[in-house]
There are 2 protein chains.
Amino acid sequence: MVPHDDGASAPPAEDAPSSSGFLDDGKNTIGSQLASRLREAIISGELQAGSKINLDKARKTFNVSLSPLREGLARLISDGLVEFEDNRGYRVSSISLANLEEITVLREELEVFALRESMRIGDVEWEGNVMRALHRLNRTERDAARPETLERWEEFHREFHLTLISGCGKPILLHFCSLLLNLNDRYRRVFLTRTSGDRNVSQEHSEIAQGAVARDLDYACDMLRQHIHRTGTNLRNHLATKGTL
Amino acid sequence: MVPHDDGASAPPAEDAPSSSGFLDDGKNTIGSQLASRLREAIISGELQAGSKINLDKARKTFNVSLSPLREGLARLISDGLVEFEDNRGYRVSSISLANLEEITVLREELEVFALRESMRIGDVEWEGNVMRALHRLNRTERDAARPETLERWEEFHREFHLTLISGCGKPILLHFCSLLLNLNDRYRRVFLTRTSGDRNVSQEHSEIAQGAVARDLDYACDMLRQHIHRTGTNLRNHLATKGTL
DNA sequence: CCTTGACAGATAATCGATTATTTGGATAGT
DNA sequence: ACTATCCAAATAATCGATTATCTGTCAAGG
């Protein structure tokens with residue numbers, strides 16, 4: 001058995017190919033790396049919603065050739081972050097009130113359903129993963145002044161929600177939830193750099209997680225639904241205020 | 001230089017299911033056309049589930065270059081019909097009992113939810129579309145001896161189910177349902193060339209549609225759920241019998 | 001002044017060739 | 001015999017250049 005160097009994500013050297021590293025995991029091809037970079041650029045708001053993606057400029061910006069660029073963009077289409085039309089190219093998916101509301105509603109339906117299934121059939125390892133994800137999340141500070149803490153918090157937050165439903169044994173459902181989470185996170189990162197004053201998000205997460213491992217189906221599902229709903233409401237308000245739609 | 005076309009080149013405008021399409025195309029690029037051809041090949045079972053897709057062979061089979069081939073395959077990944085791994089290429093998604101059951105369960109959840117929403121907010125035009133889709137479907141014969149009737153029936157059947165939920169005003173949800181329908185249709189086309197004897201599928205569709213336009217929420221949803229469930233059960237039985245899984 | 005059509009620049013799609021990676025099999029060492 | 005290592009064929013990824021398509025502009029005709 002190979003020691004699986006887990007731990008914190010090692011900062012990948014900018015351009016260091018395989019030479020000495022024997023543990024080169026996932027992101028091997030340029031296309032894959034691009035997909036990650038583009039995804040981050042879109043979710044973080046660096047690439048504005050609705051804007052056109054000029055292949056030539058993108059090619060120069062990222063110092064890659066067309067083929068891997070298209071490859072990367074193709075994956076973001078699967079993620080719902082990029083749209084495409086024949087002969088007309090790619091553009092960053094638009095945001096809108098209706099879109100946000102749909103995402104929220106679908107998260108309430110799907111994530112809650114997945115949580116229920118997880119509680120129904122999840123095993124002890126799942127419980128452990130949930131508690132770990134909760135702990136890491138609540139131990140991570142979220143300081144709007146330091147962007148790197150935001151990014152880290154976002155990562156752990158996403159991880160927490162996915163872990164929560166990871167016991168459901170339904171890969172397609174997990175895939176759907178993952179997409180919705182992606183879409184939702186973009187709204188939060190663009191419009192919400194801090195938590196609304198009247199919420200204690202850490203406590204909300206704790207309540208959900210503890211209800212989940214205690215297999216208190218109705219309680220946990222209700223907490224999760226409210227959690228999602230509150231976030232949706234907050235986002236809607238900020239979108240209405242700041243957004244120029 | 002002109003790409004020489006061997007005999008297989010069919011008139012590309014042939015399969016125009018666009019009910020209202022005065023603008024003929026949409027399938028402009030080679031990549032788009034390939035996506036359609038590959039999708040049909042997979043759903044119909046021509047390309048066996050789980051099999052590897054050799055790019056070189058596929059390139060020759062379809063008389064295209066690598067770029068559009070990858071383009072087309074990328075779209076099928078979005079559809080869940082093809083899987084991909086870095087440096088290891090593409091393969092047709094596997095089928096399994098668990099996969100079938102998940103698809104069925106998710107269809108029951110999502111399609112029924114979408115139907116309810118459609119009945120709640122769908123307009124008169126939606127009602128009309130439903131009735132038209134129902135009529136076309138029930139007027140189309142399904143003769144296992146003539147494959148072209150099967151294809152046509154499948155097309156109308158898919159169209160019916162999508163139309164039924166098209167009034168819900170939720171594009172992402174519709175997208176999810178469309179994917180699930182794709183995945184489900186593959187099972188049916190591989191394992192069920194005719195309807196189970198104890199079912200009257202036309203009547204089932206009629207009941208759903210009429211309940212829908214009558215806005216009888218609970219009735220229509222219940223009928224749809226049963227309809228999906230029965231299909232799932234039938235498929236499971238055939239899969240257990242014929243399939244070597 | 002408005003419409004129509006043609007031209008040119010911009011942009012996307014595709015190709016053929018090249019480079020990188022994986023995989024299976026042969027070979028050498030224990 | 002068994003394992004590890006290295007090679008070569010197969011396969012995927014990437015590149016640079018070419019071809020096809022679109023889009024805006026401008027001039028001619030009504």
Side-chain angles (χ1 to χ4, degrees), chain A residues 1-2 12-38 47-48 50-78 82-93, chain B residues 1-6 8-9 12-13 23-38 47 50-78 82-93:
Chain A
M1 71 190 154
V2 180
E14 186 59 290
D15 216 281
S18 51
S19 292
S20 55
F22 36 22
L23 179 65
D24 54 345
D25 51 11
K27 316 286 176 162
N28 266 333
T29 67
I30 299 180
S32 283
Q33 297 171 254
L34 253 187
S36 294
R37 287 213 274 165
L38 284 165
L47 281 175
Q48 198 171 39
S51 63
K52 192 165 182 340
I53 298 174
N54 182 305
L55 291 178
D56 229 32
K57 290 175 189 165
R59 189 175 69 72
K60 285 164 189 161
T61 302
F62 291 100
N63 270 314
V64 295
S65 189
L66 276 312
S67 318
L69 181 56
R70 283 169 155 275
E71 196 75 30
L73 286 167
R75 304 198 194 180
L76 296 195
I77 293 174
S78 302
V82 166
E83 287 163 354
F84 171 82
E85 208 176 342
D86 269 354
N87 289 318
R88 230 162 273 183
Y90 306 82
R91 62 175 53 239
V92 181
S93 295
Chain B
M1 109 167 63
V2 178
H4 68 286
D5 71 303
D6 319 86
S9 61
L23 279 186
D24 59 323
D25 51 27
K27 311 286 176 157
N28 265 334
T29 69
I30 299 182
S32 283
Q33 295 171 256
L34 252 187
S36 294
R37 286 215 276 167
L38 285 165
L47 281 176
S51 62
K52 191 162 181 341
I53 299 174
N54 182 304
L55 290 177
D56 231 30
K57 290 175 190 164
R59 191 175 69 71
K60 285 163 189 162
T61 302
F62 291 100
N63 271 315
V64 295
S65 190
L66 276 311
S67 317
L69 181 55
R70 282 170 158 275
E71 195 74 31
L73 286 167
R75 305 198 193 179
L76 297 194
I77 293 174
S78 301
V82 166
E83 288 162 356
F84 171 82
E85 207 176 345
D86 269 353
N87 289 320
R88 228 162 273 183
Y90 306 82
R91 65 175 51 238
V92 182
S93 295

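Fair warning: this is a prediction, and the values are worked out from it, not measured in the lab.
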B/Ser32 side chain vs B/Asn28 backbone, donor-acceptor pair below 3.5 Å:
no
Output yes when a side-chain donor or acceptor of B/Arg91 lies under 3.5 Å from a complementary backbone atom of B/Gly50, and no otherwise.
yes
Is any side-chain nitrogen or oxygen of [X] closer than 4.0 Å to OP1 or OP2 of [N]?
X: B/Arg59; N: C/dG16; value: no
X: A/Arg70; N: C/dT14; value: no
X: B/Asn87; N: D/dA12; value: no
X: B/Lys52; N: D/dA12; value: yes

Closest contact, heavy atoms only, B/Arg75 versus A/Phe84:
NH2-CE2, 3.2 Å
When B/Lys57 and A/Ile30 are each assigned the nearest nucleotide of DNA chain D, the 5'-most assignment goes to B/Lys57
I want to confirm an ordering. Mapping B/Gly89 and A/Val64 to their closest nucleotides on DNA chain D, which one lands closer to the 5' end?
B/Gly89
Without decimals, in angstroms, what is the distance between [X] [atom1] and [N] [atom2]?
X: B/Asn54; N: C/dT22; atom1: CG; atom2: P; answer: 17 Å
X: B/Ile77; N: D/dA12; atom1: CD1; atom2: C1'; answer: 13 Å
X: A/Phe62; N: D/dT14; atom1: CZ; atom2: P; answer: 15 Å
X: A/Asn28; N: C/dT21; atom1: CG; atom2: P; answer: 8 Å
X: A/Leu55; N: C/dT11; atom1: CG; atom2: P; answer: 10 Å
X: A/Leu69; N: D/dC15; atom1: CG; atom2: C1'; answer: 13 Å
X: A/Asp86; N: C/dT11; atom1: CG; atom2: P; answer: 18 Å
X: B/Lys60; N: C/dC15; atom1: NZ; atom2: P; answer: 15 Å

From the list [options], which nucleotide is the closest neighbour of the side chain of [X]?
X: A/Ser67; options: D/dT14, C/dT23, C/dA13; answer: D/dT14
X: B/Ser65; options: D/dT14, C/dC15, C/dT23; answer: C/dC15
X: A/Pro68; options: D/dT14, D/dA12, C/dA13; answer: D/dT14
X: A/Thr29; options: D/dT23, D/dT14, C/dA13; answer: D/dT14

Checking B/Arg59 against B/Leu55 for the side-chain contact (heavy atoms from CB on, under 4.5 Å) test, could you report, in this order, the C-alpha distance in whole Å, the side-chain angles of both residues, the deciding distance, and whether it holds?
CA-CA 6 Å; B/Arg59 191 175 69 71; B/Leu55 290 177; over 6 Å; no
Under 4.0 Å, heavy atoms only, any strand: does [X] hit a base, just the sugar-phosphate, or nothing?
X: B/Leu34; value: nothing
X: A/Leu66; value: nothing
X: A/Ile53; value: sugar-phosphate

Looking at CG of B/Leu34 and CG of B/Leu76, how far apart are the two atoms once the value is rounded to the nearest 0.5 Å?
9.0 Å
Could you check B/Leu69 against B/Leu73 for side-chain contact (heavy atoms from CB on, under 4.5 Å), going step by step and ending with a plain yes or no?
CA-CA 6 Å; B/Leu69 181 55; B/Leu73 286 167; 4.2 Å; yes
